[in-house]
Amino acid sequence: MALTGRSALLAALGSIPVGVFAPGWTGLLAVNGPLALAILCDYACAAPVRKLQFTRNGDTAVRLGDAAEVGLTVTNPSNRRLRAQLRDAWPPSSWPSGTEQAASRHPLTIPSGERSRLSTTLRPTRRGDRHADRVTVRSYGPLGLAARQGSHRVPWAIRVLPPFTSRKHLPSRLARLRELDGRTSVLTRGEGTEFDSLREYVPGDDTRSIDWRATARQGNVALRTWRPERDRHVLVVLDTGRTSAGRVGDVPRLDAAMDAGLLLAALASRAGDRVDLLAYDRQVRAQVQGRAAGELLPALVIAMAPLEPSLIETDARGLSAAALTHAPRRSLIVLLTSLDTAAAEEGLLPVLPQLTKRHTVLVASVADPHIQRMATARGDVEAVYEAAAASQAQQQRRRAAEKLMRHGATVVDAPPDELAPALADAYLELKAAGRL
């Protein structure tokens with residue numbers, strides 16, 4: 001039984017004449033006896049909540065930042081009219097802070113033998129799977145003095161997908177890709193290593209591209225044209241170890257790495273390359289292999305959605321072995337990891353030669369823009385010390401990047417908002433140079 005505010009108000013009002021005219025047990029019984037009887041009658045007349053039936057429908061997936069609608073159908077099989085307040089409980093991260101109460105509570109009135117459909121709007125603030133908790137119903141009597149209350153398990157789950165905010169950079173990178181591929185009026189000579197076609201020589205062309213055999217057959221000077229390589233293998237490796245849990249601004253490093261990986265995958269698949277995904281710390285957390293271009297992005301976002309950083313040090317040797325297993329032939333391995341001195345020098349550097357010996361390796365890392373702001377800050381003694389510490393941290397990252405480049409890797413180190421386009425540009429530069 002749950003008492004309402006109306007019951008408390010009547011009891012308080014009844015205590016006033018008791019205290020003035022008839023203080024004592026007799027006065028209390030005279031006022032509160034009828035009130036207690038009315039509460040019991042009201043409770044007995046309330047519709048039962050245990051017999052209610054529930055079914056769900058609605059969205060099962062939503063991008064982070066978007067809204068999802070989950071329907072809840074409530075059936076009242078009893079012979080009493082249901083007047084109730086319903087709470088559809090979900091994890092706190094299913095709504096922005098402070099909006100949960102308004103979004104999860106619904107007034108409900110259902111006549112006997114009928115049903116009603118409610119809709120709960122979710123706006124998740126974190127990636128991953130969100131599972132519905134209990135549905136709690138408080139059924140009020142006709143007088144509104146007392147209520148029956150009960151909870152039901154009505155399972156439902158929504159997968160919150162990565163937001164892919166970097167997709168705004170895709171059109172400009174696709175335009176650059178079309179330039180490399182020779183499909184626009186801008187044609188940069190000498191880019192690419194795969195033979196495309198023959199055309200007639202015009203003054204100003206590179207004479208090294210003249211096909212002398214075709215020239216002898218045709219009687220005109222014929223020139224070979226080239227295009228960037230196609231059908232290459234790109235393996236995107238996400239480091240989900242301890243360093244990926246650090247937050248840069250409001251976003252975990254892992255989320256920024258995912259966003260960069262999605263943009264690269266979209267660009268590489270449009271370029272005709274095959275893209276796979278591997279997420280690893282001390283074991284494989286997620287993998288996507290052998291997907292066609294039209295299926296790639298949906299498969300990637302579904303595989304990335306439930307990933308969470310593991311608060312353990314990444315096994316660099318295990319990661320290298322897993323990457324070599326997933327890329328048996330020459331590939332572009334894009335490793336999204338940390339450039340922190342300890343993680344890079346003690347973990348990645350010893351195993352990097354195994355990767356660069358057989359593959360082209362591109363290492364991408366999320367830089368903290370706050371450190372850049374600290375390095376340029378001045379004004380008081382504390383700011384000067386912070387600037388010195390930030391400069392030292394930047395110098396250590398540069399040294400780690402230089403060591404990786406000396407071992408044959410290409411390094412991209414950029415803030416979260418700039419990492420995705422910078423990684424896409426590095427991929428296009430490798431493709432233009434014929435290094436894939």
Side-chain angles (χ1 to χ4, degrees), residues 229 231-246 252-258 260-262 264-265 268-269 273-291 296 299-300 302-366 397 400-413 419 423 426-427 430 435-436:
E229 304 88 339
D231 199 29
R232 294 303 192 259
H233 182 219
V234 179
L235 177 62
V236 179
V237 182
L238 286 174
D239 180 358
T240 58
R242 173 186 58 83
T243 56
S244 67
R253 293 179 186 270
L254 181 59
D255 286 39
M258 287 180 182
L262 287 173
L264 176 63
S269 63
D273 293 333
R274 295 171 289 112
V275 183
D276 292 339
L277 170 72
L278 175 67
Y280 191 93
D281 42 65
R282 290 191 178 178
Q283 64 183 34
V284 175
R285 300 294 181 180
Q287 58 182 341
V288 175
Q289 288 182 292
R291 297 302 179 98
L296 179 63
L300 289 178
I302 290 173
M304 289 178 177
L307 284 178
E308 295 292 343
S310 301
L311 300 182
I312 54 176
E313 202 69 41
T314 299
D315 179 6
R317 295 188 182 277
L319 184 148
S320 174
L324 292 174
T325 301
H326 283 73
R329 298 181 179 85
R330 182 166 182 81
S331 308
L332 170 63
I333 296 180
V334 181
L335 181 56
L336 291 151
T337 185
S338 172
L339 279 183
D340 293 342
T341 304
E345 295 186 356
E346 298 176 12
L348 184 57
L349 273 175
V351 301
L352 188 60
Q354 302 175 16
L355 299 175
T356 56
K357 183 179 180 181
R358 296 171 53 183
H359 304 285
T360 301
V361 179
L362 177 56
V363 179
S365 180
V366 182
R397 288 180 71 88
E402 290 169 358
K403 290 180 181 179
L404 294 176
M405 289 188 285
R406 283 199 296 269
H407 283 76
T410 302
V411 178
V412 175
D413 186 24
L419 180 63
L423 182 59
Y427 165 79
L430 291 173
R435 293 181 56 190
L436 299 187

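Between the CG atom of Asp413 and the CG atom of Leu423 there is a distance of 12.0 Å, given to the nearest 0.5 Å. The structure places CG of Leu277 at 9.0 Å from CG of Leu296, a figure rounded to the nearest 0.5 Å. Once rounded to the nearest 0.5 Å, the distance linking CG of Leu355 with OG1 of Thr360 reads 11.0 Å. Annotation: the span from Leu336 atom CG to Leu278 atom CG amounts to 11.5 Å, rounded to 0.5 Å. Here the straight-line distance linking atom CZ of Arg253 with atom CG of Leu238 works out to 14.5 Å at 0.5 Å rounding.
Considering only residues two or more places apart in sequence or on other chains, Arg274 meets the salt bridge (charged side-chain N to carboxylate O under 4.0 Å, His left out) condition with Asp231. Annotation: side chain to side chain contact (heavy atoms under 4.5 Å, CB included) contacts of Ser331 (sequence neighbours excluded): His233, Ala327, His359. Listed by chain and residue number, nothing satisfies the side-chain hydrogen bond (donor to acceptor under 3.5 Å, both in side chains) test with Ser244 (two or more places apart in sequence, or in another chain). Residues satisfying the side chain to side chain contact (heavy atoms under 4.5 Å, CB included) criterion with Asp315, sequence neighbours excluded, are Tyr280, Arg282, Arg317. Residues satisfying the side chain to side chain contact (heavy atoms under 4.5 Å, CB included) criterion with Ala321, sequence neighbours excluded, are absent altogether. For Asp281, the salt bridge (charged side-chain N to carboxylate O under 4.0 Å, His left out) test picks out Arg285, with sequence neighbours left out. Residues meeting the side-chain hydrogen bond (donor to acceptor under 3.5 Å, both in side chains) test with Gln289, sequence neighbours left out: none. Remark: Thr410 engages no residue in a side-chain hydrogen bond (donor to acceptor under 3.5 Å, both in side chains) (not counting sequence neighbours). For Asp239, there are no salt bridge (charged side-chain N to carboxylate O under 4.0 Å, His left out) partners at least two apart in sequence or on another chain.
Scanning both residues, Leu311 and Ala245, for their nearest heavy atoms gives CD2-CB, 3.9 Å. When all heavy atoms of Gly241 and Thr314 are compared, the closest pair comes out as CA-OG1, 3.2 Å. Between Ala268 and Val234, the shortest heavy-atom distance links the atoms CB-CG2, 4.4 Å.
Formation of a donor-acceptor pair under 3.5 Å by the Thr356 side chain with backbone atoms of His407 is found in this model. In terms of modelled atom types and a separation under 3.5 Å, the side chain of Ser269 and the main chain of Ala265 share a donor-acceptor contact.
Within the 4.5 Å cutoff, the side chain of Leu332 has heavy atoms near those of the Tyr427 side chain.
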Side chain to side chain contact (heavy atoms under 4.5 Å, CB included) assessment of Leu307 paired with Met258: CA-CA 10 Å; Leu307 284 178; Met258 287 180 182; 3.5 Å; yes
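None of Val366, Thr243, Val412, Leu404 except one satisfies the side-chain contact (heavy atoms from CB on, under 4.5 Å) rule with Leu339; the exception is Leu404.
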Sequence neighbours excluded and cut-off under 3.5 Å, please list the side-chain donor-acceptor pairs for residues 344-352, or say none.
{"unit_1": "Glu345", "atom_1": "OE2", "unit_2": "Lys403", "atom_2": "NZ", "d": "2.8"}

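Contacts classified as salt bridge (Lys or Arg N to Asp or Glu O under 4.0 Å) and involving residues 326-344 (residues at least two apart or in different chains) are given here: Asp340-Arg397.
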